[in-house]
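Note sheet for the following structure.
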Amino acid sequence: MSLFGKRKTADDVIKEQNRELRGTQRSIARDRAGLEKQEKQLEMEIKKMAKSGNRDACKILAKQLVQLRKQKTRTYAVSSKVTSMSTQTKLMNSQMKMAGAMATTTKTMQTVNKTMDPQKTLQTMQNFQKENMKMEMTEEMMNDTLDDIFDESGDEEESQDIVNQVLDEIGIEISGKMANAPATAKGLPAASSSKSGITDDEIERQLKALGVD
């Protein structure tokens with residue numbers, strides 16, 4: 001660090017150089033404008049001497065005009081050189097920033113590589129894949145079990161509905177037959193199903209008629 005302030009960075013130095021180059025360009029432009037003004041004055045003087053017939057003065061002024069025009073041409077060359085230097089300075093600044101960014105990226109990558117174990121990362125990924133497969137298998141088994149439970153429950157309910165329907169149909173037939181049968185004497189036990197006219201064969205026939213085997 002300097003004694004009287006912070007140390008200048010490369011960016012600060014480049015900015016100062018650009019300011020100096022811009023100042024140089026303005027100075028060259030002012031000089032060129034002065035030379036152009038003198039050029040016009042010399043041209044007028046040469047015309048004036050030529051009209052008066054003073055050839056010697058015309059020669060002297062003409063030599064001065066040639067030298068002045070050469071100097072003006074040099075100002076264009078210098079101005080072009082300054083512009084080139086300014087462009088190179090900007091390019092250097094851009095390259096330095098790119099280099100700084102690459103250095104920062106390299107440090108970051110080095111830090112990541114140091115803290116990251118490839119073998120450990122691979123093992124972690126393999127473990128994740130294995131556990132994920134286990135979870136998928138467990139979920140599939142649970143879904144199959146639930147499907148079996150719901151399917152069995154549905155079949156049982158459907159079977160029970162059919163049985164209930166069959167019993168209802170049989171009950172209706174039995175009630176009808178019992179209504180048409182002769183009344184039994186009071187005090188006598190009720191006749192069995194075979195004696196009342198409702199046999200096993202008839203019940204089977206009713207079940208077959210309803211589509212139940």
Side-chain angles (χ1 to χ4, degrees), residues 1-26 78-175 193 198 200-213:
M1 296 181 64
S2 62
L3 297 176
F4 302 101
K6 295 189 301 182
R7 182 178 179 180
K8 292 182 180 179
T9 63
D11 197 18
D12 294 334
V13 173
I14 290 174
K15 287 180 180 179
E16 288 182 359
Q17 289 178 352
N18 286 332
R19 283 195 296 268
E20 291 178 359
L21 290 173
R22 287 194 296 270
T24 302
Q25 284 282 35
R26 289 192 294 269
V78 173
S79 178
S80 177
K81 185 66 175 177
V82 172
T83 301
S84 177
M85 291 174 62
S86 178
T87 302
Q88 290 178 357
T89 301
K90 292 178 181 179
L91 180 61
M92 287 176 60
N93 188 22
S94 177
Q95 291 176 346
M96 289 176 63
K97 290 181 179 180
M98 290 176 61
M102 292 175 65
T104 303
T105 304
T106 302
K107 290 180 180 179
T108 303
M109 293 174 65
Q110 289 176 349
T111 302
V112 172
N113 289 330
K114 286 180 180 179
T115 57
M116 190 168 145
D117 186 0
Q119 294 295 332
K120 187 175 180 180
T121 302
L122 179 60
Q123 184 66 33
T124 300
M125 293 175 66
Q126 290 176 347
N127 291 336
F128 173 80
Q129 185 177 7
K130 186 185 298 183
E131 295 301 325
N132 189 41
M133 290 178 63
K134 288 181 180 179
M135 183 177 294
E136 290 179 356
M137 291 176 63
T138 303
E139 183 179 0
E140 185 176 356
M141 292 174 64
M142 291 177 64
N143 289 334
D144 292 341
T145 303
L146 290 174
D147 289 341
D148 292 340
I149 292 173
F150 286 119
D151 288 344
E152 291 177 358
S153 176
D155 292 343
E156 185 177 355
E157 290 179 0
E158 186 176 358
S159 300
Q160 186 65 36
D161 291 339
I162 293 174
V163 171
N164 292 335
Q165 183 179 0
V166 171
L167 293 176
D168 289 341
E169 294 291 337
I170 293 173
I172 292 172
E173 292 293 334
I174 292 173
S175 299
S193 60
I198 306 301
D200 293 338
D201 293 337
E202 191 169 340
I203 292 174
E204 290 182 1
R205 183 176 58 79
Q206 293 287 342
L207 291 174
K208 289 181 179 180
L210 294 173
V212 179
D213 294 334

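This chain uses plain numbering: 1 for the first residue, then up along the sequence.
- With a 6.0 Å radius and a threshold of 12 heavy atoms from other residues, nucleotides or ligands, Gln126 has its CD atom above the threshold.
- In this structure, CG on Asn18 lies 10.0 Å from CE on Met85, to the nearest 0.5 angstrom.
- Contacts classified as salt bridge (charged side-chain N to carboxylate O under 4.0 Å, His left out) and involving residues 85-109 (residues at least two apart or in different chains) are not found.
- Here the CZ-CZ distance, from Arg26 to Arg22, works out to 7.0 Å after rounding to the nearest 0.5 Å.
- To the nearest 0.5 Å, the span separating CE on Met98 from OG1 on Thr105 amounts to 11.0 Å.
- Results of the side-chain contact (heavy atoms from CB on, under 4.5 Å) test with Leu21 over Val82, Thr87, Thr83 single out Val82 as the only residue that passes.
- Applying the side-chain contact (heavy atoms from CB on, under 4.5 Å) test to Met96 and every residue at least two apart in sequence or in another chain returns Ala10, Ile14.
- Listed by chain and number, the residues in a side chain to side chain donor-acceptor pair (under 3.5 Å) with Gln17 amount to none (sequence neighbours excluded).
- Shown here are the side chain to side chain donor-acceptor pair (under 3.5 Å) partners of Ser84, two or more places apart in sequence or in another chain: there are none.
- Partners of Ser79 under the side chain to side chain donor-acceptor pair (under 3.5 Å) rule, at least two apart in sequence or in another chain, are Gln25.
- Applying the salt bridge (charged side-chain N to carboxylate O under 4.0 Å, His left out) test to residues at least two apart or on different chains, the pairs with a partner in residues 128-137 are Glu131-Lys134.
- Side-chain atoms of Asn127 come within 3.5 Å of backbone atoms of Gln123 as a donor-acceptor pair (strictly under, hydrogens ignored).
- By the side chain to side chain donor-acceptor pair (under 3.5 Å) test, Glu20 pairs with no residue at all, sequence neighbours left out.
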